[in-house]
Amino acid sequence: MSDRPVRTRIAPSPTGDPHVGTAYIALFNYVFAKQHGGQFLLRIEDTDQTRARRDSEKAIMESLHWLGLSWDEGPDVGGPCGPYRQSERRELYEKHAFELLERGEAYRCFCTPSRLNELRAYQKAANTPPGYDRLCRNLDREESDRRAAAGEPFVIRLKMPLEGDSVMVDGLRGEIRRSYRELDDQVLLKSDRFPTYHLANVVDDHLMGITHVIRAEEWIPSTPKHIRLYEAFGWEAPQWIHMPLLRNPDKTRSKISKRKNPVSLLFYKEYGVLPEALVNFLALMGFSFGNDVEKFTLEEMIGAFSFEKVSLGGPVFDLEKLVWLNGLYLREMSPQALLDAVQALWLNRAYFERIMPLVQERMRTLTDFVDLSAFFYNCALDYHTEDGKLMVPKGRTIEEMAALFEELVEAIDGMEDYNVENLEALLRRVTETRGWKTKDVFMPVRVAVTGRKATPPLFESMSVLGRERTRVRLRQAMAHLRALPPPQA
RNA sequence: GGCCCCAUCGUUCAACCGGUUAGGACAGCGGCCUUUCACGCCGUAAACAGGGGUUCGAAUCCCCUUGGGGUCACCA
């Protein structure tokens, strides 16, 4: 153990919406660092060139700021250990990978993806444990250098010990042992010269002086690789603390996922949850303040926090309790502050300006505006109506429509730019692939998204509602349909 | 499937190093307040997964079983 000043970090991967799990882990890193007068850093792990999304990084930073979990060092504020974006540190990882190669702690692997696929297929068929067979581990150095010089593509793999146990001490669980025999020679540097998570993460944590790695439980199985990496470099390893995983509320109890639960921080913000309430609620997941106190501020949590007060069962994210807690916060605001908050969310001029052109030609009196635009503000829609029935057109089944909504939820999530053109293209595409008529898709989607059959133009409306709320409504409509009694024959 | 982690009411969090009528909160139910609803208040139901040990005594320590989860990529 060393007496280095405490430094923690949150290291999200910008591959989608800002995730509630990211906020959850960030919270504990933040609180622990602040409690010890240390620093909390933000590092963007964007080494996956195929998945990193441009706008995602920005959304993550905005969401964490919204929650009040601000960082002392990061891509936007800089700091002594920058850059804080892994894609800007590529050469560093390459250099370190080659350093391990030189020291015999790692080796070049020339195996092709197709060979590795075959290997896996064979292992699966033969029912043997999967993993790299270490074919290239014993290539002699001359041959390795020669093939690399000839331009043959390769990756660099870490040499794991063949015998013995890897021992990690987890701050919450104590000692966790694993036999090296079941540990693979992990790829450190991909053939595109970008690092894998394992290399980049360890190199950065060391270079950035991270003392406590507080991350989700799902990382426990790969910690031996990280420990080995620290050993291979001759570096002092941080303390490992693995927090329990947030779970889905349904029967599966699997780790929280966007297919089953709203996981986007944007959702909670647009739903009207106050950041203080969300932070408080997240803190309740696994942590107990003491004396049965449930409502507390970030500041108070910093005063009371200890990992001894963290329990290990995977907590289920209970939206109902979050909403109750939020109500508590709402009620203690001054009416003025509440008005400001309500206005800032949806009842603001900028938002009105987007809606006005959509409803103008349908208005006869000024007050028509309220009725015509209500669905732009409502959160939950009521589908138990005459219009709601239009979500299942004649000749289509309930399940067909639910499946359609499900597909749209996914497609909208993956949409690069969420705009009118892409929405129209998407709806036309799903209509065509099904061989349906447009009315079989457009009206049901209209009702799902707005709750009614007479609305402003569909794509424009979806665009104004935004990606997140559109998805939520489609998902709610899907759930509504699947809960319907089966039609009589 | 192998390996690893976990195990208290439906959900969440308590019960310090073994001795409690197993507690709080959300949700549920009943009631009070109230023109209504909500808030608030009062009350009620609801759990130690099972089996072995250790011990005078086990929710608490150990083992096994069961259950749940995670992980086994040139993703993080």
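Note: hydrogens, waters and symmetry copies are ignored here, and every other heavy atom, side chains too, is used. So you know, we letter chains A, B, ... as the sequences are listed, proteins then strands, and number each from 1.
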Dot-bracket encoding per residue of RNA chain B, Watson-Crick/G-U cut-off under 3.5 Å, | denoting interstrand
(((((((..((((.....[...)))).(((((.......)))))....(((((..]....))))))))))))....
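- At the phosphate of B:G40, OP1 or OP2 sits under 4.0 Å from a side-chain N or O atom of A:R331.
- You'll find that the side chain of A:W219 is closest to B:A76, out of B:C13, B:A76, B:G68.
- As judged by a 4.0 angstrom heavy-atom cut-off over every strand, A:T252 is placed among residues touching the sugar-phosphate backbone only.
- Atom P of B:C26 sits at a distance of 15 Å from the matching atom of B:U44, rounded to the whole Å.
- The side chain of A:R247 approaches B:G69 more closely than any other nucleotide in the set B:C72, B:U12, B:G69.
- Among the nucleotides B:G69, B:A73, B:C75, the one closest to any side-chain atom of A:P130 is B:A73.
- When rounded to the nearest whole Å, the span between CG of A:L229 and P of B:A76 equals 14 Å.
- Among the nucleotides B:C4, B:A27, B:U12, the one closest to the side chain of A:E320 is B:A27.
- Side-chain proximity of A:L116 to B:C13, B:C74, B:C26: nearest is B:C74.
- Heavy atoms of A:R157 sit under 4.0 angstrom from primed sugar atoms or phosphate atoms, though from no base atom.
- Nucleic acid contact class of A:P113 (heavy atoms, under 4.0 Å, all strands): base.
- The residue A:G327 sits apart from the nucleic acid: no heavy atom pair falls under 4.0 Å.
- To the nearest whole angstrom, the two P atoms, one in B:C56 and one in B:G18, are 15 Å apart.
- Residue-to-nucleotide contacts include a donor-acceptor pair under 3.5 Å from the side chain of A:S191 to the base of B:C74.
- Distance from the side chain of A:E218 is smallest for B:A76 among the nucleotides B:A76, B:C74, B:G24.
- Contact annotation: A:S222 does not reach the phosphate of B:U71 (side-chain N/O to OP1 or OP2, under 4.0 Å).
- Classified by interplanar angle (parallel below 30°, tilted 30° to 60°, perpendicular above 60°), the ring pair A:F32/A:H36 is tilted.
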